[in-house]
Amino acid sequence: MKNFIFVLLIGFSNWALAQNSKDLSDTDRLAISVYLPDQIEGIPAIAQNNITNKLNRLVVNNGMGNSDYNNRFVLTANVSVLTKDITPTAPPMHAYTLELTLFIGDGIEGNLFATTSTTLKGVGKNENKAYLAALKNFNIRGPQYQGFFDKGKQKILEFYEAECNRIITEAEGLAAQKKFEESLFTLSSIPNVVLECYYD
């Protein structure tokens, strides 16, 4: 039975790999979902929607939004308010300096693969407008993001290549205990682009 399950999983993985291969490199088939936690420092609801939309566009622009099959890998953000000032103008305006930090990670195990930060400034008639004005300066076409995504992709592959044997051993242990669903779930955590795991 155990061998049957592993053969079934490998067969499914090979099929999925073939379905997604259309002239894409291994790293191009990795997909990332956007996840924005609710605990971002004092962020207005409208600003949270703004960031989520920009992050989704950033993922697509960098070729990692090409599939909704695997939502294991996430792009998330944190916004820190560095300064809040009132300008000495008439009328007084609110001036914000924000630090926007982006993270690529594993949403299940919590592994961090890449991070980048940018400083944003904005001025508005009230705090919400200043916050939104700063976020408007988040340029998703900035040159640093290609390198950020490339590093994230590479680190994901390196991590799973290094952990492949451990994950397979854990899945075999679960199958030996007749925990077949858990065993399949454990094996399915390995991205289908980590060819060393599938063809070793």
Side-chain angles (χ1 to χ4, degrees), residues 13 16-17 19-43 47-82 97-120 131 134-168 170-171 185-198:
S13 299
L17 188 62
Q19 295 301 310
N20 290 328
S21 64
K22 302 175 183 171
D23 298 325
L24 296 175
S25 71
D26 291 342
T27 55
D28 287 336
R29 287 192 307 271
L30 283 172
I32 289 184
S33 298
V34 170
Y35 168 73
L36 205 58
D38 294 329
Q39 303 88 348
I40 293 181
E41 180 183 343
I43 183 171
Q48 187 157 357
N49 290 337
N50 181 290
I51 294 173
T52 301
N53 289 338
K54 284 195 170 190
L55 293 180
N56 278 315
R57 290 192 347 248
L58 184 62
V59 166
V60 171
N61 289 350
N62 285 279
M64 296 190 78
N66 59 6
S67 170
D68 60 357
Y69 172 72
N70 186 348
N71 293 334
R72 179 179 189 100
F73 306 112
V74 296
L75 171 66
T76 189
N78 188 44
V79 180
S80 299
V81 177
L82 300 178
T97 303
L98 308 177
E99 181 180 52
L100 175 66
T101 306
L102 305 181
F103 306 92
I104 293 175
D106 181 327
I108 295 175
E109 293 192 12
N111 298 307
L112 178 63
F113 299 114
T115 183
T116 189
S117 293
T118 189
T119 302
L120 307 170
Y131 207 109
L135 291 178
K136 283 184 183 176
N137 292 320
F138 173 28
N139 177 12
I140 61 172
R141 298 203 183 277
Q144 75 270 30
Y145 298 117
Q146 182 63 53
F148 166 65
F149 278 95
D150 288 345
K151 180 180 179 183
K153 292 174 186 180
Q154 191 57 42
K155 292 291 185 182
I156 288 170
L157 292 177
E158 288 172 6
F159 176 81
Y160 283 97
E161 286 167 1
E163 293 294 311
C164 179
N165 290 336
R166 179 192 63 80
I167 294 169
I168 290 173
E170 181 183 337
F185 180 78
T186 300
L187 285 176
S188 68
S189 73
I190 302 170
N192 63 8
V193 297
V194 183
L195 300 180
E196 288 78 359
C197 266
Y198 286 95

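Predicted model only: the values in this text are computed from it and were never measured. Residue numbers start at 1 and run along the sequence shown.
- The two residues Ile140 and Leu58 make their nearest non-hydrogen contact at O-CD1, 3.1 Å.
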* I would like to know whether Leu98 and Thr119 meet side-chain contact (heavy atoms from CB on, under 4.5 Å); could you show each step before the answer? => CA-CA 6 Å; Leu98 308 177; Thr119 302; over 6 Å; no
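- Taking 4.5 Å as the limit, some side-chain heavy atom of Leu55 sits within range of a side-chain heavy atom of Leu36.
- Within the 4.5 Å cutoff, side-chain heavy atoms of Lys155 are placed close to those of Glu158.
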Donor-acceptor pairs are to be reported for all side-chain atoms of residues 103-117 against protein atoms at under 3.5 Å, with residues two or more places apart or in another chain.
residue: Asp106; atom: OD1; partner: Arg72; partner atom: NE; Å: 3.3
residue: Asp106; atom: OD1; partner: Ile108; partner atom: N; Å: 2.8
residue: Asp106; atom: OD1; partner: Glu109; partner atom: N; Å: 3.0
residue: Asp106; atom: OD2; partner: Arg72; partner atom: NE; Å: 2.8
residue: Asp106; atom: OD2; partner: Arg72; partner atom: NH2; Å: 3.0
residue: Asp106; atom: OD2; partner: Tyr160; partner atom: OH; Å: 2.5
residue: Glu109; atom: OE2; partner: Arg72; partner atom: NH2; Å: 3.4
residue: Thr115; atom: OG1; partner: Leu102; partner atom: O; Å: 3.1
residue: Ser117; atom: OG; partner: Thr101; partner atom: OG1; Å: 3.0

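- Listed here is the closest heavy atom pair of Leu75 and Val59: CD2-CG2, 3.5 Å.
- Counting heavy atoms of neighbouring residues, nucleotides and ligands inside a 6.0 Å radius, atom NZ of Lys151 does not exceed 12 of them.
- Under the 4.5 Å side-chain criterion, counting only non-hydrogen atoms from C-beta, Glu99 is not in contact with Val79.
- Contact annotation: the side chain of Tyr35 never approaches that of Thr52 to less than 4.5 Å [non-hydrogen atoms, C-beta and beyond].
- Residue-environment remark: CZ (Arg141) stays at or below the threshold of 12 foreign heavy atoms within 6.0 Å.
- Taking both residues in full, the closest heavy atoms of Ile32 and Val74 are given as CG2-C, 3.5 Å, listed atom of the first, atom of the second, then distance.
- Taking CG of Asp150 as the reference point, atom CD of Gln146 lies at 4.5 Å (rounded to 0.5 Å).
- A 4.5 Å side-chain heavy-atom check between Leu100 and Phe138 finds at least one atom pair inside the cut-off.
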* Take Thr97 and Leu120 through the side-chain contact (heavy atoms from CB on, under 4.5 Å) test and state the conclusion after the steps. => CA-CA 6 Å; Thr97 303; Leu120 307 170; over 6 Å; no
